[in-house]
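Residue numbers start from 1 in every chain, and the chains themselves are labelled A, B, ... in the order their sequence lines are given, proteins ahead of strands.
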Amino acid sequence: MQQQYDFKTIEKKWQKKWAEKDVFAVTEDPNKEKYYLLEMFPYPSGKLHMGHVRNYSIGDVAARFKTMQGYNVLHPIGFDSFGLPAENAAIKHGIHPAKWTIDNIGEMESQLKELGFSYDWEREVATCLPEYYKWMQWLFIQFFNKGLAYKKKNPVNWCPSCQTVLANEQVVDGHCERCKTPVGKKELSQWYLKITDYADRLLSDLDRLPGWPSKVKTMQKNWIGKSTGAEITFQVDQMDLSMTVFTTRADTIFGTTFMVLAPEHPLAKELVSGGGNEAEVESFMDRLQHLSDIDRASTTLEKEGVFTGRYAVNPLTEKRIPIYLANYVLMDYGTGVVMGVPAHDERDFDFARKYGLDIIPVVEPPKGSNIDLDHLQEAFVAEGKLINSGEFNGMDNLPAIEKIISMMEQKSIGKKSTNFRLRDWLISRQRYWGCPIPMVYCEKCGWVPEKEENLPILLPTDVEFTGKGESPLTTSKTFAEATCPHCGGKATREMDTMDTFMDSSWYFLRYCDAKNDKAPYDKKKADYWMAVDQYIGGVEHAILHLLYARFFTKVLYDLGLCSVDEPFTNLLTQGMVLKDGTKMSKSVGNVVSPEEIINKYGADTARLFIMFAAPPEKELEWSDAGVEGSYRFLNRVYRLVYELAEATKGVKPVYRLEGKDDKQLAYRLNTVIKRVTDDISLRFNFNTAISAIMELVNEMYRYKELNDVNLGLLRDCTEKLVLMLSPFVPHVCEEMWEHLGHEDLVYHAQWPSYDESAMVQDTVEVVVQINGKVKERVEAPAGLDKEAFAETVMNEENIKTLLAGKQIVKVISVPDKLLNVVVK
RNA sequence: GCCGGUGUGGCGGAAUGGCAGACGCAGACGACUCAAAAUCGUCCGGGAAACCAUGUGGGUUCGACUCCCACCACCGGCACCA
């Protein structure tokens, strides 16, 4: 150890030692309690950004801390390495996506190593490698065999810029989640996974995840969007035709005065033809065609519709009601048909107003309200008693829902029903750089999965990257040719690749047994490590990745491949890294590169600043001055440890506390250990853990200047200081630990425990309040009971003076803290 | 519109209902130095003071940044979901 803090030499030295000794590799050990700590794996875009550094620093501190506490810690890393940027680079610069990706992975690996993260590199995965995607294909086939994967022709979200379809989750505000281009619709035959079969479990099991932020759970709940209600069947007048609606408001059925279908509803044509209003419908449909999907989906779009010329019969009132087509009815929610209850639904109200349709109130506002039911100005959507509803008149509307549904069930005109906003997951992508879907089409046998021995279906290399139209796989001369695994006849391969969110939906299982070439992973190994005890990543994955991964885990659980059905026990969503109040981005020009900081101050400083500047789940404002401060602190610690290592050479950390100063320092040491331990393990409050360590350092600086120092105590403080700092700044701590004469790594050292007896003080400074306002501070003996405490404090001279001439009403005594005297 | 979250010095941020502003940054002053840097030390919400201060207004309490009610502002998610 040099006298100067030479971070460059120190960091290189210890990174080399860690790698040589392979210290972060772990194996299953039934005698040790496991702890699986995982950060979301990165897409290999080129270089690390500050968001990565933050994500992985949080994880590394936790992993090292848990290791020191004696857990068998699995802390793996890998790369989510299929995806569009690689392909775009191929189109733009003519580099093969594989080369681009592998080069980037190499770059990022070395940066992760430079930051000193404690990964078990033996378990590294890259989803673009055949040894990984072979098992992705195998899993897809398991889904298919279970009836959870199917191909369907449907209008799908189409990004004209990425030239591929998108899942609903990847369409944000009508725009492509990746490139922000407005998304259109295209009729295509595509593969889907039946995530809707799991909607109920995905929803209800959220309650079994107390370790997840409620924000994320709420977002998933909203996304799944469960509504309970009823399906009700209406007969079309004078036609042999019926239509079913979904409604959550069966209580308002008596107020249904019209029906509305989505314009693209399959029954629309049949209804219109011969209804006598064909010309008007056609011109309406024509106008609709010219609207973009984004405009159509807009909530501000005026509700427009057209009469079909047909009538339906309200099954309860038996009144004839007109049937309309309208732009505000969505084909892909419910049944695509809505019963119009203008009195009690805002949209129906607007529509009825515009087309002069009847408005019949069936729920009465509570007495005293100034709503005039005969001349409604807006829909009345609150609760009330039923009117105009036959035998149900006078009932409260909410309990009436169930009553009306069971009556309709008896008459076979309706039944209880549940609807989800969640749609099946569209996983086909018309792109090259993804996992090939291992399915072949045979004229005789239809869609058949590839034989297991033929896996992996490799990506062909003789393809052209044009970025246009269909999947580049179609340009391969040989890829399409296949033999039907069923009948042995000629067959064609599926040309699309999988959504990359498939790859990331099970990588945490692969880490449990990353090298396995007989199975995706050995179940026994997965049983040992799963579930992930702590997962850390950005909140932007709250619905996409985190929902898909939960879905996969549940399917694997049902298939008997996994013994947990929730993958992540605890979830931490870290905040963004900002500079000047906004997200770091190239276009704003406020990017601070990790490389730059590591070169100037070292990895330890970068890590320390990031952990100290804000609690992990909050946004972090980057501050160059703050980085300087962290660097200064590390220098301050280094100098202190160096000096004290010399001063206490050969001294054992054993001592007897002598005077007040000794006790004060021991008190500080032990309270800090407790604080740091609790802050890390209970709350992940790394920022306050670090401030506590700073307080200890400040105290040690004061103490060492005293005339009569206790060397044993100082030695103990020094060692424990290094131990506590080591998860945060591992390189410099290894160096200091070695200098303190230890031969083992600080990484393998035991986390310090605290001595409760040293945390008891003889006297404490307490506060004296009068009527709740602080008036005085006095020194009082610690550990008194309420009465003794009050008496002692009240007998202090200046307190007596303070209370002189006042009438005491009440005394609140909180020993060791405060005394509040209520006076008149 | 609905659902969440946040609001504390010049700044980042601390505070199981019990001293508001820990710790750090910035700043001021002092020591060391021929000088500067580095380092070490002291001060650092407002106010002359009584006091006033945790977005605003109420409430509960001996005591509220913390709990309850109403409102405001900003951020995020969902949004014609029947």
Side-chain angles (χ1 to χ4, degrees), chain A residues 172-174 213-223 225-227 229 245-250 252 260 262 296-303 326-330 332-341 344-348 350-351 381 419-423 539-540 542-543 575-576 578 608-609 612-615 617-630 632-633 635-636 639 675 678 685 687-698 701-702 705 765-777 809-814 816-823:
Chain A
V172 177
D173 283 339
S214 56
K215 180 190 165 121
V216 173
K217 288 192 279 190
T218 309
M219 281 166 74
Q220 292 210 354
K221 246 172 233 170
N222 292 341
W223 187 262
K226 181 176 181 170
S227 303
V245 302
F246 171 75
T247 182
T248 55
R249 293 293 306 272
T252 63
V260 214
R296 250 207 76 183
S298 156
T299 49
T300 52
L301 184 74
E302 197 185 342
K303 285 161 192 51
N327 60 358
Y328 74 95
V329 180
L330 307 171
D332 56 358
Y333 182 79
T335 60
V337 188
V338 172
M339 60 181 216
V341 187
H344 306 292
D345 182 280
E346 282 168 32
R347 293 153 303 178
D348 296 345
D350 292 347
F351 193 76
V381 295
N419 242 291
F420 292 93
R421 219 188 67 102
L422 184 73
R423 311 291 146 78
V539 74
E540 66 273 17
I543 23 200
M576 283 194 298
L578 309 180
L608 183 70
F609 168 71
F612 179 58
E617 69 282 359
K618 282 184 79 176
E619 290 177 337
L620 183 152
E621 174 69 29
W622 187 267
S623 150
D624 292 328
V627 179
E628 288 273 358
S630 294
R632 266 204 300 270
F633 174 70
N635 274 284
R636 189 169 149 86
R639 282 193 307 271
R675 179 91 197 269
D678 290 351
N685 279 4
N687 55 331
T688 50
I690 294 168
S691 8
I693 297 173
M694 287 171 167
E695 288 180 69
L696 174 63
V697 170
N698 292 343
Y701 262 91
R702 270 193 292 277
E705 295 307 319
E765 195 191 58
V766 299
V767 165
V768 180
Q769 296 182 332
I770 291 180
N771 292 341
K773 297 212 166 172
V774 181
K775 293 291 177 190
E776 195 69 60
R777 279 148 235 254
V809 181
K810 196 174 173 185
V811 175
I812 286 100
S813 170
V814 184
D816 299 347
K817 281 212 173 118
L818 98 172
L819 192 78
N820 185 15
V821 186
V822 184
V823 299

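In this structure, A:Asn685 places its CG atom 13 Å from C1' of B:rA22, rounding to the nearest Å. Atom NZ in A:Lys226 sits about 14 Å away from atom P in B:rA82, given to the nearest Å. B:rC23 atom P lies 16 Å from atom OH of A:Tyr701, rounded to whole Å. The CG-P distance, from A:Leu422 to B:rC81, rounds to 17 Å in whole Å. Between the CD1 atom of A:Ile770 and the P atom of B:rA50 there is a distance of 15 Å, given to the nearest Å.
Side-chain atoms of A:Asn327 come within 3.5 Å of backbone N or O of A:Glu302 as a donor-acceptor pair. The backbone N or O of A:Ala262 sits nowhere less than 3.5 Å from a side-chain atom of A:Tyr328 that would complete a donor-acceptor pair. Between the side chain of A:Glu619 and the main chain of A:Leu578, no donor-acceptor pair closer than 3.5 Å is present.
A:Arg249 has no carboxylate O lying under 4.0 Å from a charged side-chain N of A:Asp345, or vice versa, which leaves the two without a salt bridge.
Of all nucleotides listed (B:rU39, B:rG12, B:rG18), B:rG18 comes nearest to the side chain of A:Asn820. Closest approach to the A:Gln769 side chain among B:rG18, B:rC23, B:rG77 is made by B:rG18 (side chain taken as heavy atoms from C-beta onward). Closest contact between the side chain of A:Arg632 and the listed nucleotides B:rG12, B:rC81, B:rA26 involves B:rA26. When distances are taken from the side chain of A:Arg423 to each of B:rC81, B:rG13, B:rG4, the shortest belongs to B:rC81. Looking at the side chain of A:Arg675, the nearest of the listed nucleotides B:rA15, B:rG4, B:rG13 is B:rA15. Of the candidates B:rA14, B:rG12, B:rC80, the closest approach to any side-chain atom of A:Ala613 belongs to B:rG12. Comparing B:rG13, B:rC81, B:rA15 by their closest approach to the side chain of A:Arg347 singles out B:rC81. Counting only heavy atoms from C-beta on, A:Trp223 has its side chain closest to B:rA79 among B:rC81, B:rC40, B:rA79. Picking from B:rG77, B:rC80, B:rA26 the nucleotide with the shortest atom distance to the side chain of A:Tyr328 gives B:rC80. Of the candidates B:rG4, B:rG24, B:rA22, the closest approach to any side-chain atom of A:Glu695 belongs to B:rA22.
Nucleic acid contact class of A:Lys817 (heavy atoms, under 4.0 Å, all strands): base. As judged by a 4.0 angstrom heavy-atom cut-off over every strand, A:Val329 is placed among the base-contacting residues. In this structure, A:Asn698 reaches the sugar-phosphate backbone alone: every heavy-atom distance under 4.0 Å involves primed, P, OP1 or OP2 atoms, never a base. Among the protein residues, A:Gly629 comes within range of the sugar-phosphate backbone only, with heavy atoms under 4.0 Å from sugar or phosphate atoms but none that close to a base. At a threshold of 4.0 angstrom between heavy atoms, the contacts of A:Lys221 with the nucleic acid are absent. Across all strands shown, A:Arg702 has no heavy atoms under 4.0 Å from either base or sugar-phosphate atoms. Backbone-only engagement by A:Thr218 is indicated by non-hydrogen atom pairs under 4.0 Å involving sugar-phosphate atoms exclusively. Residue contacts for A:Lys217: at a heavy-atom cut-off of 4.0 Å it reaches no nucleic acid atom on any strand shown. At the heavy-atom level, A:Phe612 lies under 4.0 Å from base atoms of the strands shown. Residue contacts shown for A:Val338 include a base, since a base heavy atom lies under 4.0 Å away.
With a cut-off of 3.5 Å on both Watson-Crick or G-U wobble distances, the partner of B:rC43 is given as B:rG27. Taking a pair to require two hydrogen-bonding distances under 3.5 Å in either a Watson-Crick or a G-U wobble arrangement, B:rU54 remains unpaired. The partner of B:rC2 is B:rG77, judged by Watson-Crick or G-U wobble contacts that both fall below 3.5 Å. Within the shown strands, nothing qualifies as a pairing partner of B:rA64 under the Watson-Crick or G-U definition with both distances less than 3.5 Å.
One finds no side-chain N or O of A:Arg636 lying less than 4.0 angstrom from the OP1 or OP2 phosphate oxygen of B:rA38. For A:Arg421, no side-chain nitrogen or oxygen approaches OP1 or OP2 of B:rC3 to under 4.0 Å. The side chain of A:Ser227 places an N or O atom within less than 4.0 Å of a non-bridging phosphate oxygen (OP1 or OP2) of B:rA82. Under 4.0 angstrom from either OP1 or OP2 of B:rU39 there lies no side-chain N or O belonging to A:Asn635. OP1 or OP2 of B:rC52 lies within a sub-4.0 Å distance of a side-chain N or O belonging to A:Lys773.
Comparing the C1' positions of B:rC62 and B:rG55 gives a spacing of 27 Å, expressed to the nearest Å.
The base of B:rC78 does not come close enough to the side chain of A:Asn222 for any donor and acceptor atom to sit less than 3.5 Å apart. For A:Lys810 against B:rC62, no side-chain N or O and base N or O form a donor-acceptor pair under 3.5 Å.
Put simply, CG on A:Asp332 and CZ on A:Arg421 are 10.0 Å apart, with the number rounded to the nearest 0.5 Å.
Atom CD of A:Glu617 has more than 12 heavy atoms from other residues, nucleotides or ligands within 6.0 Å.
The closest side-chain donor-acceptor pair between A:Arg675 and A:Asn685, if any, does not fall under 3.5 angstrom.
Classified by its glycosidic torsion, B:rG9 falls in the syn category, the angle being within 90° of 0.
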